[in-house]
Amino acid sequence: MNGFFHVPAFFQPPEQEALLEIARTVCAAAPLRRPTLTNGTPLKLTLTNCGPWGWWADKDGYRYVERHPTSGKAWPGIPGALLRLADRALESCGLEVMRVDNCLINHYAEGESLGMHIDRTEQDKRAPIVSLSIGADAEFILQDPDGAKTSYIIRSGDLVVQSGRSRGWLHGIKRIMPTMPNICKDGGRINFTLRKVLAD
Ligand code: MD6
Ligand code: FE
């Protein structure tokens with residue numbers, strides 16, 4: 001096994017609504033912002049964070065920071081419901097629970113996407129990443145070290161976990177798809193990734 005898990009319908013519509021409400025609350029305190037590559041090219045998504053650490057990217061590089069890039073305020077705390085979902089997700093995959101110190105919240109508007117990348121900004125590069133999605137269906141591409149690509153359709157309520165060998169593999173969001181019904185009334189998609197950034 002490569003440690004990659006896709007669990008369709010891991011959480012149900014009431015929990016999807018609860019996650020949407022969490023996203024609204026976090027965005028009110030820490031508004032969505034559009035990161036850029038180091039050369040200044042904007043990414044095709046906007047993001048915010050909760051937790052002691054928040055992921056950010058601009059001309060100064062990809063990194064975890066303690067403050068929102070424009071407000072300068074500390075990121076809001078991670079709601080307990082989200083931490084409990086992360087524990088449940090790890091347990092359902094037979095993985096140990098971990099100390100989560102970041103939740104990155106990505107928002108994709110219609111037509112947005114995320115290029116192939118490896119998550120390696122974390123100090124702890126072996127801790128699993130737990131990913132929960134709501135809203136529009138998305139095509140997720142995972143590429144193994146031989147270059148073989150697998151495509152997964154990630155729907156609202158699905159869980160993805162990258163652990164073990166797959167933790168360091170390339171992946172991206174090729175596209176989001178028109179989806180009806182969609183709890184994201186703008187037709188978009190929201191993805192929450194829960195991470196252990198700091199090593200022990
Ligand atoms: C997304 N997810 O689903 C982007 N990274 O919008 C990721 O880039 C990701 O789902 C690491 C582990 C799980 C993921
Ligand atoms: Fe990623």
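Counting starts at 1 for both ligands and their atoms, in listed order. No experiment lies behind these values; they were computed from the predicted model shown. When a residue number appears, it is its place in the shown sequence, counting from 1.
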Engineer: Against heavy atoms of Ile129, which atoms of ligand 1 measure under 4.0 Å?
Structural biologist: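 Those qualifying, in numeric order: 11 (C), 12 (C), 13 (C).
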Engineer: Which heavy atom of Pro69 sits nearest to which heavy atom of Trp75, and what is that distance?
Structural biologist: CD-CH2, 3.6 Å
Engineer: When the ring planes of Phe4 and Tyr152 are compared, do they come out parallel, tilted or perpendicular, using 30° and 60° as the limits?
Structural biologist: tilted
Engineer: How close does the nearest protein non-hydrogen atom get to atom 12 (C) of ligand 1, and which residue and atom is it?
Structural biologist: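 The closest heavy atom on the protein side is Gln162 OE1, 3.1 Å.
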Engineer: Among Tyr152, Trp169, Tyr108, which one puts a heavy atom closest to atom 6 (O) of ligand 1?
Structural biologist: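 Heavy atom nearest to atom 6 (O) of ligand 1 belongs to Tyr108.
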Engineer: Begin from the C-alpha positions of Arg165 and Asp144 and carry the test salt bridge (charged side-chain N to carboxylate O under 4.0 Å, His left out) through to its verdict.
Structural biologist: CA-CA 9 Å; Arg165 287 192 288 137; Asp144 75 16; over 6 Å; no
Engineer: Under 4.0 Å from a heavy atom of Phe140: give me the atoms of ligand 1 that qualify, with their elements.
Structural biologist: 10 (O)
Engineer: Give the atom numbers and elements of ligand 1 that come within less than 4.0 Å of a heavy atom of Leu114.
Structural biologist: 4 (C), 8 (O)
Engineer: Suppose I only count heavy atoms of Ile173 and a 4.0 Å limit; which atoms of ligand 1 are within that range?
Structural biologist: 1 (C), 3 (O), 4 (C), 6 (O)
Engineer: Validate the cation-pi geometry between Arg88 and Phe10: distance from NZ or CZ to the six-membered ring centre under 6.0 Å, angle to the ring axis within 45°.
Structural biologist: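 Positive - Arg88 is close enough to the ring of Phe10 and near enough to its axis.
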Engineer: Cut-off 3.5 Å, side chains only: do Asp58 and Thr36 have a donor facing an acceptor?
Structural biologist: no
Engineer: I'd like to check Phe11 versus Leu19 (side-chain heavy atoms, cut-off strictly below 4.5 Å). Are they in contact?
Structural biologist: yes
Engineer: What protein heavy atom is closest to atom 3 (O) of ligand 1, reported as residue, atom name and distance in Å?
Structural biologist: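 Going by distance alone, atom 3 (O) of ligand 1 is nearest to Arg189 NH2, 3.0 Å.
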Engineer: With salt bridge (charged side-chain N to carboxylate O under 4.0 Å, His left out) as the test, pick out the partner of Asp119 among Lys125, Arg167, Arg195.
Structural biologist: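 Output: one option passes, namely Arg195.
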Engineer: With atoms numbered from 1 as shown, which atoms in ligand 1 lie under 4.0 angstrom from a non-hydrogen atom of His117?
Structural biologist: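 Selected atoms, number and element: 8 (O).
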Engineer: Side chain or backbone, does Asn191 bring an N or O within less than 3.5 Å of an N or O on ligand 1?
Structural biologist: yes
Engineer: Could you tell me the residue and atom name of the protein heavy atom closest to atom 10 (O) of ligand 1, and the distance to it rounded to 0.1 Å?
Structural biologist: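 Its nearest protein heavy-atom neighbour is Ser131 OG, 2.9 Å.
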Engineer: Using the Fe ion (ligand 2) as the apex, give the angle to atoms NE2 (His171) and OD1 (Asp119), rounded to 10 degrees.
Structural biologist: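 So the angle at the metal works out to 80°.
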Engineer: Which pair of non-hydrogen atoms, one from Glu112 and one from Lys44, has the smallest distance, and what is that distance?
Structural biologist: CB-O, 2.7 Å
Engineer: What protein heavy atom sits nearest atom 5 (N) of ligand 1, and how far off is it?
Structural biologist: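 Ranking protein heavy atoms by distance from atom 5 (N) of ligand 1, first comes His171 NE2, 2.8 Å.
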